[in-house]
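Notes to accompany the following structure.
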Amino acid sequence: MPVRRTDPSRIFHVTGGGAGLDPTHRCDHGSPAVSFHLFSEHHGRTEDIRIVLSMCSSPGLFGAAVAFIDEELGSDEGDRFMAAIQKARELAAREIDRAKAAQRAAEDACCEAGYRTQDREHTCGRRTPPTT
């Protein structure tokens with residue numbers, strides 16, 4: 001993406017959101033798009049929007065943003081921003097791993113009740129262990 005400063009037709013103030021990949025929007029190389037589901041809550045009004053960026057163009061866009069941080073606020077601030085991105089990446093990786101483990105445990109459980117109660121109660125006919 002070219003480095004440029006433009007005035008948008010509208011500003012969307014992000015107050016929350018999530019990220020992922022979207023395999024239905026692929027780049028010319030076949031890679032899935034980076035997907036952001038962003039929320040905005042201001043003045044009693046709630047909005048949301050989904051933004052998809054090709055994996056090919058995302059690094060250029062993010063790199064340009066960091067270059068503007070370096071230019072306007074100094075390279076130390078750009079370095080702090082990149083360190084925060086790395087920390088968020090590591091946190092997200094742990095959360096993804098926990099979610100996958102929980103999904104596997106749920107799939108391996110004999111029933112949902114057994115899974116949710118750590119094997120104390122069952123709806124599948126399996127005998128619930130006695131409590132002591």
Side-chain angles (χ1 to χ4, degrees):
M1 295 214 168
V3 175
R4 61 182 168 182
R5 295 176 194 227
T6 60
D7 289 324
S9 60
R10 178 175 173 268
I11 294 179
F12 187 89
H13 292 276
V14 176
T15 57
L21 294 179
D22 184 343
T24 63
H25 292 88
R26 295 188 176 273
C27 69
D28 292 339
H29 303 102
S31 297
V34 177
S35 176
F36 299 98
H37 188 184
L38 307 175
F39 301 93
S40 177
E41 294 182 35
H42 285 282
H43 310 295
R45 185 175 169 200
T46 301
E47 296 180 88
D48 72 310
I49 190 170
R50 183 168 174 226
I51 297 173
V52 292
L53 297 167
S54 74
M55 285 183 57
C56 295
S57 64
S58 297
L61 183 64
F62 300 140
V66 175
F68 278 115
I69 292 171
D70 288 343
E71 177 63 27
E72 298 290 328
L73 305 174
S75 61
D76 287 347
E77 192 62 33
D79 291 344
R80 279 191 286 279
F81 184 80
M82 292 302 296
I85 288 174
Q86 183 60 34
K87 186 176 179 181
R89 177 186 184 185
E90 292 164 2
L91 176 64
R94 288 193 299 273
E95 289 177 11
I96 290 168
D97 287 345
R98 277 194 293 269
K100 284 182 177 180
Q103 180 66 35
R104 284 191 300 275
E107 290 169 355
D108 293 343
C110 56
C111 64
E112 184 175 353
Y115 168 69
R116 296 204 182 275
T117 65
Q118 288 78 42
D119 211 32
R120 291 187 310 274
E121 301 174 16
H122 291 274
T123 55
C124 63
R126 183 173 162 195
R127 204 173 110 100
T128 300
T131 57
T132 55

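Worth knowing before you read on, the calculation uses all heavy atoms, side chains too, and leaves out hydrogens, waters and symmetry mates.
- Atom CD in Glu90 sits 6.5 Å away from atom CZ in Arg94 (nearest 0.5 Å).
- Closest non-hydrogen pair, Pro32 versus Pro23, comes out as CB-CA, 3.8 Å.
- Under the 4.5 Å side-chain heavy-atom criterion for grouping Ile, Leu, Val, Met, Phe, Trp and Tyr, Ile49 is not connected to Phe39 through any hydrophobic cluster.
- For His42, the NE2 atom is densely surrounded, since the number of other residues' heavy atoms within 6.0 Å is greater than 12.
- More than 12 heavy-atom neighbours from other residues, nucleotides or ligands sit within 6.0 angstrom of CG on Asp97.
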Checking side-chain contact (heavy atoms from CB on, under 4.5 Å) for the pair Cys27/Met55: CA distance, chi angles, key distance, verdict?
-> CA-CA 7 Å; Cys27 69; Met55 285 183 57; 5.5 Å; no
Take Leu53 and Phe62 through the side-chain contact (heavy atoms from CB on, under 4.5 Å) test and state the conclusion after the steps.
-> CA-CA 11 Å; Leu53 297 167; Phe62 300 140; 4.2 Å; yes
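- Heavy atoms from other residues, nucleotides or ligands lying under 6.0 Å from CZ of Arg89 number 12 at most.
- One hydrophobic cluster holds both Leu61 and Ile51 under the rule that ILVMFWY side chains link at heavy-atom gaps under 4.5 Å.
- In this structure, Gly78 and Asp70 approach most closely via the heavy-atom pair CA-OD1, 3.1 Å.
- No more than 12 heavy atoms of other residues, nucleotides or ligands shown are found within 6.0 angstrom of CD1 on Ile11.
- Under a 4.5 Å side-chain heavy-atom criterion applied to ILVMFWY residues, the cluster that includes Phe81 comprises Val66, Ile69, Leu73, Met82, Ile85 as well.
- For Glu95, the salt bridge (Lys or Arg N to Asp or Glu O under 4.0 Å) criterion is met by no residue, not counting sequence neighbours.
- The minimum heavy-atom distance between Leu21 and Val34, with the atom names listed, is CD2-CA, 4.2 Å.
- Nearest heavy atoms, Ser40 versus Phe12: CB-CZ, 3.6 Å.
- Scanning for salt bridge (Lys or Arg N to Asp or Glu O under 4.0 Å) contacts around Arg45 gives Glu47, with sequence neighbours left out.
- With sequence neighbours excluded, no residue forms a side chain to side chain donor-acceptor pair (under 3.5 Å) with Ser9.
- For Arg80, the salt bridge (Lys or Arg N to Asp or Glu O under 4.0 Å) test picks out Glu77, with sequence neighbours left out.
- Legend: residues meeting side chain to side chain donor-acceptor pair (under 3.5 Å) with Glu71, ordered by chain and number and at least two apart, are absent.
- Taking CG from Leu38 and NE2 from His13, the interatomic distance works out to 13.5 Å, rounded to the nearest 0.5 Å.
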